[in-house]
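This report concerns only the one structure given below.
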Amino acid sequence: MMNYLDSLNTKQLEAVQTTEGPVRVLAGAGSGKTRALTARYCYLADLLGVDPGAILCLTFTNKAAAEMKQRIRRLLGDFDLAHICTFHSFCVRMLKEDIHVMNYPANFVLMDEEDRTDMLQRIYTDMGITLKELPVKRSVDYIGRRKAAGDYLDILMELDNSRMQKRLEECGDDVLAAIYTRYLYEQKKNYAVDFDDVIIFAHHILGTVPHILRKWQDRMQYVMVDEFQDVSPRQYAIARMIAGLHRNIFIVGDPDQTIYSWRGADVKLFLNFDKVYPDARTVVLNENYRSTPQILAPSNALIAKNTERYPKELFTRCKDGRKPAYFHARNEQEEARWVADTVRSLLKEGVDGGDICILYRAHHLSRPVEDALIKQEIPYKIFSGTAFYARREVKDVLAYMRMLVTADDMAFIRTVNTPSRKIGRQKMAALRRYADEEGCRLYDALTALCTTPEFARTGARKYLKIIEEARELVGTMSLGDLMQRVMDMSGYEEMLRGLSEWERLDNLAELKRAIDESGRDDDASLEIFLARAALIANIDRDSNDSQTVKLMTVHSAKGMEFPAVFVYGLSEGAFPSRRSSGPEEIEEERRLAYVALTRARRLLFLSDSDGFGHDKNAKATSRFVYEMGAHNLDILTTLAPQAPQPEPMAGARDAAAFDAGDDVEHPVFGHGKILEVNAAKQNYTIKFDNIPTARTMRFGAPLDPAK
C-alpha cells in the first residue's frame with residue numbers, strides 16, 4: 001500500500017518520512033497539506049507498523065477530522081481512527097477517564113452555548129438583574145476572562161452552599177463578580193462543564209497530576225497537530241505535554257492564514273516553534289497545486305507586506321491564466337451590478353454556477369449583491385449565514401414597518417413582545433380568543449384589552465403608542481429616517497446594543513441604506529418597499545447546488561477552493577474592517593485577504609466602490625488592492641492614487657481611563673454611562689442621556705468623571 005507516497009513531491013515526502021522528533025511544516029495555501037498529513041499517518045500506521053492507538057492527530061474542526069478519516073480508510077481499510085479528532089473531542093475523551101481528580105463524575109454534563117445562556121438568565125432572574133442593566137454578552141465575556149486565568153479551578157472543586165455564600169459576600173457591589181461566583185456554583189451543582197472548561201480542565205489535570213500525564217504520554221507516542229496556526233496557547237501546551245516523553249510532535253499549517261486571533265490563535269506560536277524546540281526540522285511546502293501563476297502573483301505580493309511571518313513565496317506548475325480583474329465602481333449598486341453581470345457572462349461561457357463563489361468581509365455586505373443577482377435571476381445560496389432579508393433582525397424591523405401600514409397578525413406577533421413587554425403565551429392566547437370572537441386583528445384586540453387588569457402591568461399601552469405615533473410620521477420624513485425612529489422608539493436597537501449584537505446592528509444599518517436607496521425611486525413609498533422586500537425574501541433559491549452561486553464570508557471559505565472567485569467590497573473600513581486599527585490587527589486582516597485570494601483556482605475578480613460607508617465617511621479603495629501590485633491586475637476602470645493611511649489619533653492611549661459602569665461627562669454630549677470597554681479597539685461604548693443610541697468613543701476622547 002505504497003501508492004500514498006507515490007504522489008508526493010520532494011518536500012511533502014520529507015515531511016512524511018521525518019517521523020522522529022519535533023517537526024514544523026509550513027504548508028502554503030493549496031500546497032497539498034491534507035494529502036501530506038494523511039500520507040504521514042498512513043506511513044506511520046501502515047509501513048512502519050505503529051499502532052493507530054498510539055497516534056494522536058488533533059484537528060481544528062470536526063469536518064477536517066472526518067475528511068482525514070475518510071481518506072485514510074480509503075487507503076488502509078477499516079482502522080481504528082478514534083484519535084483523529086478535534087482538541088475539544090480529545091479533551092472530552094480524556095476527562096471521561098480523569099475528571100474524577102477534580103471531584104466531578106465521569107458522566108458530567110457538557111454544556112453548549114444555549115445551556116450557558118439559560119443558566120445565566122436563571123441567575124439574572126434570581127439576582128433581580130435585567131438584560132438592560134447588564135447584557136448577557138458582558139457576563140459571558142467576563143466569565144471567559146476570569147476562567148482564562150485558570151485560577152477558578154480550586155474554587156470550583158470545593159464550592160458548596162456555605163462557601164458560595166461567603167464568596168458572594170466578598171463580592172460586595174461587584175455585580176459581575178457575583179454572577180461569576182453564582183455561575184461556578186450552578187456548574188458544580190449540576191456537574192456541568194462548558195466549552196472553555198473542556199480545554200482548561202484537561203490542561204490543569206495534565207499539568208498537575210503526574211501519573212495521569214504519564215499515562216497519556218505513554219499512550220500517545222506520536223502527536224500531530226493540523227491547522228496549527230489556529231490553536232490557542234493552552235491547546236498548544238496540551239499537545240506539548242502529551243508529546244513530552246517521546247518528543248514526536250508534528251505541527252502543520254500556514255502562519256500566513258492565521259485569522260482567528262479572536263479565538264485565541266497566535267501567529268507567534270508557529271513562528272517561535274524552533275525556539276521552543278531548537279532541534280526542530282522545518283519543512284516548507286510552497287508548491288501550489290490550486291491556482292494559476294496570475295492568481296499567486298498578487299497573493300504573494302500582498303502577504304509579503306506582513307512583518308510577522310516566515311518568509312516563503314508560493315509557486316505553481318499550473319498553466320497560465322488571466323490576470324485577476326479589478327473593477328472600481330461609482331457606488332455599491334454599480335459594483336453589485338458588475339459582479340452580477342460578470343457572473344452572468346461566466347454562466348454563458350459554460351462555467352457552472354456552483355463553481356462560482358462571491359466572498360465578502362462580513363455578512364452585512366451581502367445585501368447589494370443579493371439584490372443584483374435576484375434582478376438577473378441568478379440562483380444563489382448563502383453559506384454559513386442567512387440570506388439578508390431572512391435574517392432575524394431584518395425581519396423584525398420590517399415587521400415593525402408593516403405595523404405602520406397593515407398591522408397584520410404576523411407582524412404583530414413578531415413585534416409585540418420584541419423587546420419584552422411582558423406579553424407572554426397566556427396573554428397572547430387571550431388576545432387570540434378576543435380576536436376570534438370579534439373577528440378582528442390581534443392589534444385591535446390589544447387596543448381593546450390594554451386597559452384591563454390582565455394587561456395593565458405589561459408594556460401594551462406603550463407598544464400601541466409607539467405604533468400610533470410612528471404612523472403619524474409616515475410621509476413626513478425619509479423611509480430610512482422613519483425606520484431609525486421606529487427602532488429608537490421601540491427600543492429594538494437598544495436591545496441589540498444591550499446584547500452586544502454588533503453584526504445584527506450592522507445588518508440593520510445596511511437595511512436602512514436599502515430603504516434609503518428605495519426612497520430615491522419615483523414610486524417610493526413604504527408599502528412598495530415592503531412589497532419588494534417580501535418578493536425578494538420569497539424567491540426560491542434552493543436550486544441544484546451544482547448550478548447555484550455561493551456567497552459567504554472569507555472566514556467561512558477557509559479551507560475551500562473554487563474555479564472562479566469574486567472578492568467584493570475591497571474598501572477601507574470594510575476590508576480591512578473599520579474595527580481593525582493596530583498593526584497586529586491590520587496584519588490579520590491582510591492574512592484574511594490572502595485567504596480570500598488563494599481560494600481561486602482559475603479566475604479571480606476584485607471590486608470596490610466610491611460612495612459612503614455605514615459611518616457616512618467617504619469610501620477609499622482598500623490598501624490591500626495597492627499592495628497586490630497594479631502590474632499584477634487587469635484594471636478595468638481606474639485605480640486612483642492611494643489615499644494616505646490615517647495616523648494614530650492624537651490622545652489615544654493603550655489603557656482605558658474608565659471602566660464599564662463608570663459615569664462620565666462629555667463637553668458636547670453631556671452625561672453618559674460606560675457600557676463596554678474594548679481594550680483591543682481602544683474604545684468605549686457609551687450611552688449618553690440625551691442621545692437615544694449608544695456611541696463608540698476612543699480612549700482619548702474628551703471625557704471626565706461625572707460629578
Side-chain angles (χ1 to χ4, degrees), residues 120-121 123-146 148-149 167-183 419-421 459 462 466 484-485 487-502 504-506 508-509 578-579 581-582 615-616 648-707:
L120 282 170
Q121 287 178 338
I123 292 169
Y124 273 38
T125 301
D126 291 346
M127 296 179 67
I129 300 169
T130 66
L131 290 175
K132 186 174 181 180
E133 293 170 332
L134 185 66
V136 168
K137 178 70 163 54
R138 274 192 59 204
S139 294
V140 168
D141 290 345
Y142 179 85
I143 291 168
R145 288 195 301 273
R146 289 288 299 268
R167 286 190 175 277
L168 282 174
E169 291 169 0
E170 291 171 353
C171 293
D173 295 330
D174 191 337
V175 176
L176 281 169
I179 290 171
Y180 173 65
T181 303
R182 279 292 304 272
Y183 181 82
S420 174
R421 298 183 178 95
K462 184 177 180 181
I466 290 165
Q484 185 63 54
R485 186 70 66 88
M487 286 197 299
D488 291 341
M489 293 166 64
S490 66
Y492 190 84
E493 184 171 343
E494 183 180 3
M495 176 190 74
L496 292 184
R497 289 191 182 279
L499 295 170
S500 299
E501 295 276 14
W502 308 118
R504 296 190 185 281
L505 287 164
D506 281 341
L508 292 184
R578 65 184 183 277
R579 292 175 183 155
S581 54
D615 56 3
K616 297 302 181 184
M649 291 177 290
R653 297 189 291 269
D654 290 335
F658 302 98
D659 295 318
D662 286 354
D663 290 300
V664 294
E665 292 285 345
H666 188 279
V668 174
F669 300 142
H671 177 270
K673 182 178 285 291
I674 307 279
L675 301 181
E676 185 175 3
V677 179
N678 190 325
K681 310 296 185 188
Q682 296 193 351
N683 62 34
Y684 308 105
T685 300
I686 306 176
K687 176 62 177 69
F688 292 102
D689 296 348
N690 298 322
I691 302 176
T693 57
R695 294 291 183 266
T696 302
M697 313 290 289
R698 59 185 173 85
F699 280 177
L703 298 170
D704 292 308
K707 297 177 182 178

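Side chains included, hydrogens not; waters and symmetry mates left out as well; all remaining heavy atoms used. Predicted, not measured: the structure shown is a model, and the values here were computed from it.
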(Q) Could you tell me if the side chain of Leu675 sits less than 4.5 Å from the side chain of Arg497, heavy atoms only? (A) no
**Q.** For the student: nearest non-hydrogen atoms of Leu508 and Tyr492, plus distance
**A.** CD1-CE2, 3.8 Å
Q | side-chain contact (heavy atoms from CB on, under 4.5 Å), paired with Phe658, selected from Ile686, Ile674, Asp663 | A | Ile674
(Q) Quick test of your reading of the model: are Lys137 and Asp141 salt-bridged, counting only N-O distances below 4.0 Å? (A) yes
Q: Would you give the length of the straight line joining atom OH of Tyr684 to atom CD of Glu676, rounded to the nearest 0.5 angstrom?
A: 12.5 Å
Q.
For Asp174, give me all partners under side chain to side chain contact (heavy atoms under 4.5 Å, CB included), at least two apart in sequence or on another chain.
A. Tyr142, Leu176, Ala177
**Q.** Modelled atom types, side-chain donor and acceptor of Tyr124 and Ser139, under 3.5 Å
**A.** yes
Q) Looking only at heavy atoms, which two atoms of Met127 and Ile179 are closest? And how far apart? A) SD-CG1, 3.9 Å
(Q) Please report the interatomic distance NZ(Lys687) to CZ(Arg695), rounded to the nearest 0.5 Å. (A) 9.0 Å
**Q.** Pro705 to Glu665 - nearest heavy-atom pair and separation
**A.** O-CG, 4.3 Å
Q: Taking atom CZ of Arg485 as the centre, report whether more than 12 heavy atoms of other residues, nucleotides or ligands fall under 6.0 Å from it.
A: no
**Q.** For Pro419 against Gly491, the heavy-atom pair lying closest together
**A.** CG-O, 3.5 Å
